[in-house]
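Heads up, the thing below is written out as structure tokens.
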Number of protein chains: 2
Amino acid sequence: MDRAPPNKKPYHHGGLREALVQAGIDILTEGGLSSFTLRECARRAGVSHAAPKNHFPTVEHLKAEIGARGFEQMQRELAAAADAAPSPSAEGRLLAMGAAYVRFATANPAAYQMMFRDQDSFERTPHYSAAAEAAWTQLEEAVAAVIGAERPDVEARAAHAFALVHGFASLIIDGRLPPGLGTDAVIAQSLASLPAALRGLGTA
Amino acid sequence: MDRAPPNKKPYHHGGLREALVQAGIDILTEGGLSSFTLRECARRAGVSHAAPKNHFPTVEHLKAEIGARGFEQMQRELAAAADAAPSPSAEGRLLAMGAAYVRFATANPAAYQMMFRDQDSFERTPHYSAAAEAAWTQLEEAVAAVIGAERPDVEARAAHAFALVHGFASLIIDGRLPPGLGTDAVIAQSLASLPAALRGLGTA
DNA sequence: ATATTTATGTTGACGGCGTCAATTTTACTG
DNA sequence: CAGTAAAATTGACGCCGTCAACATAAATAT
């Protein structure tokens with residue numbers, strides 16, 4: 001009857017694929033990107049070092065799956081933040097999303113790195129591609145709501161917004177910002193300039 | 001007489017430390033971050049795999065040195081770009097530096113990654129720290145020239161500018177921008193909003 | 001000049017990694 | 001109840017970074 005997650009273990013393990021993903025997320029949370037290892041994922045899942053092969057052809061496929069989950073989780077948090085924005089205007093929603101974006105990245109630094117850093121491997125799986133694309137669409141729509149969807153440069157303006165929040169997130173995660181400059185206040189101040197910057201450009 | 005680089009080889013190798021750094025840069029240029037290996041650096045320098053130990057206690061120290069060179073090179077290019085700016089105003093210089101920043105990162109993606117990505121290792125050497133700090137100071141001064149050095153939020157505004165260019169650079173390097181959005185024109189358009197954004201905030 | 005000390009490199013080993021091939025165990029299916 | 005296919009184990013391979021022991025060559029001291 002039951003196939004994947006229930007208490008019954010239909011196969012040898014019963015849900016190794018899912019267990020590997022969860023183990024990987026735990027490892028990232030506990031020890032950061034450098035402690036992530038395929039063999040350690042297997043250990044935590046209680047299987048031998050070669051067992052993952054049946055569910056993920058290479059370690060990059062597992063990383064891609066974890067990255068996809070990260071995009072999905074972030075998308076949920078951004079949507080919630082937009083709905084909970086103090087001002088329900090398009091601007092208010094965009095600013096709330098921007099703040100939530102940086103908050104997600106700094107709260108889950110290793111997962112965020114797994115989402116964005118190609119280490120090289122372009123083993124982008126369909127799931128990863130879809131999740132990343134959905135997150136991009138979410139951002140693009142929020143920008144379009146601010147500047148008007150008919151604007152021919154909506155994509156370019158979305159890229160601007162994306163670069164700003166991703167830049168802050170990356171710099172904070174890598175510790176490359178002088179102390180005191182990665183705070184919510186500083187970021188909120190920078191985000192405040194975003195609507196004007198988005199609107200003021202590209203109409204030329 | 002001659003000690004370090006000349007044709008004479010006073011020691012066993014004569015300049016292994018420098019040769020390792022250069023080999024590392026070559027590897028990054030040719031094969032990207034994932035092909036960088038301490039043993040491969042040693043191979044290219046023509047020494048055994050353990051020889052680097054005498055010059056760099058760990059591979060992270062070598063990475064830090066290469067990262068430091070990257071910061072120094074970038075700083076030179078930014079200064080040259082500012083001096084060659086079409087408009088010699090503070091704004092013109094800042095915009096030229098921003099464009100040069102993204103250009104450097106995309107032209108040397110692996111070196112840029114080595115400069116910024118901590119892989120974890122906080123083996124920051126004095127040289128690395130000094131070079132990174134100098135680059136930050138350069139940016140801060142350019143921002144101060146635009147908005148006025150007496151502004152109490154110069155650092156925070158510099159962080160804003162830093163995040164924007166670093167965000168673009170990172171997204172492009174990691175291939176996370178939809179095709180066509182990493183072009184010079186799009187970036188120039190975003191940079192154009194920077195002076196107004198920097199000035200318009202934080203005076204409150 | 002010779003001896004000693006120090007710096008530099010080599011060799012070989014260690015454990016950990018990702019991947020693969022061969023094999024065994026378990027579940028599904030006709 | 002077969003027979004097949006899926007899932008997992010074992011053991012090996014070649015890499016990697018690091019270390020300890022040893023060898024060599026340069027600098028220094030006597």
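Throughout, a chain's letter reflects where its sequence line sits, starting with A, and its residues are numbered from 1.
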Legend entry - Residue Leu38(B), side-chain heavy atoms: nucleotide from dG18(C), dT18(D), dA8(D) that is nearest: dT18(D)
Legend entry - Listed nucleotide nearest any side-chain atom of Ser48(B), set dT11(C), dT10(D), dC19(D):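 For the Ser48(B) side chain, the nearest candidate turns out to be dT11(C).
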Does this structure show an ion pair linking [X] with [Y], if we count only N-O contacts that are shorter than 4.0 Å?
X: Glu65(A); Y: Arg17(A); value: yes
X: Asp174(A); Y: Arg176(A); value: no
X: Glu18(B); Y: Arg69(B); value: yes
X: Glu40(B); Y: Arg44(B); value: yes

Distance, rounded to the nearest Å, where [X] contributes [atom1] and [N] contributes [atom2]:
X: Phe56(B); N: dG9(C); atom1: CZ; atom2: P; value: 12 Å
X: Lys53(A); N: dC17(C); atom1: NZ; atom2: P; value: 18 Å
X: Leu62(A); N: dT19(C); atom1: CG; atom2: C1'; value: 15 Å
X: Arg17(B); N: dG9(C); atom1: CZ; atom2: P; value: 12 Å
X: Lys63(A); N: dC17(C); atom1: NZ; atom2: P; value: 13 Å

Suppose we call a contact any N or O donor and acceptor under 3.5 Å apart; does that hold for the side chain of [X] and the base of [N]?
X: His49(B); N: dG12(C); answer: yes
X: Arg39(A); N: dG16(C); answer: no
X: Asn54(B); N: dA7(C); answer: no

Inset, instruction - Check whether any side-chain N or O of His55(B) sits under 4.0 Å from OP1 or OP2 of dA7(C), and answer yes or no. - result: no
Inset, instruction - Look at all strands and tell whether Thr37(A) reaches a base, only sugar-phosphate, or nothing, counting heavy atoms closer than 4.0 Å. - result: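 Contact class for Thr37(A): sugar-phosphate only.
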Inset, instruction - Mind checking Arg43(A) for me? I need base, sugar-phosphate or nothing, with any heavy atom below 4.0 Å counting as a touch. - result: sugar-phosphate
Inset, instruction - On DNA chain D, check which nucleotide each of Ala50(B) and Leu16(A) is closest to and give me the residue with the more 5' one. - result: Leu16(A)
Inset, instruction - Please figure out whether Pro57(A) or Glu40(A) has its closest DNA chain C nucleotide nearer the 5' end. - result: Glu40(A)
Legend entry - Heavy-atom side-chain proximity of Ser87(A) to Arg93(A) below 4.5 angstrom: no
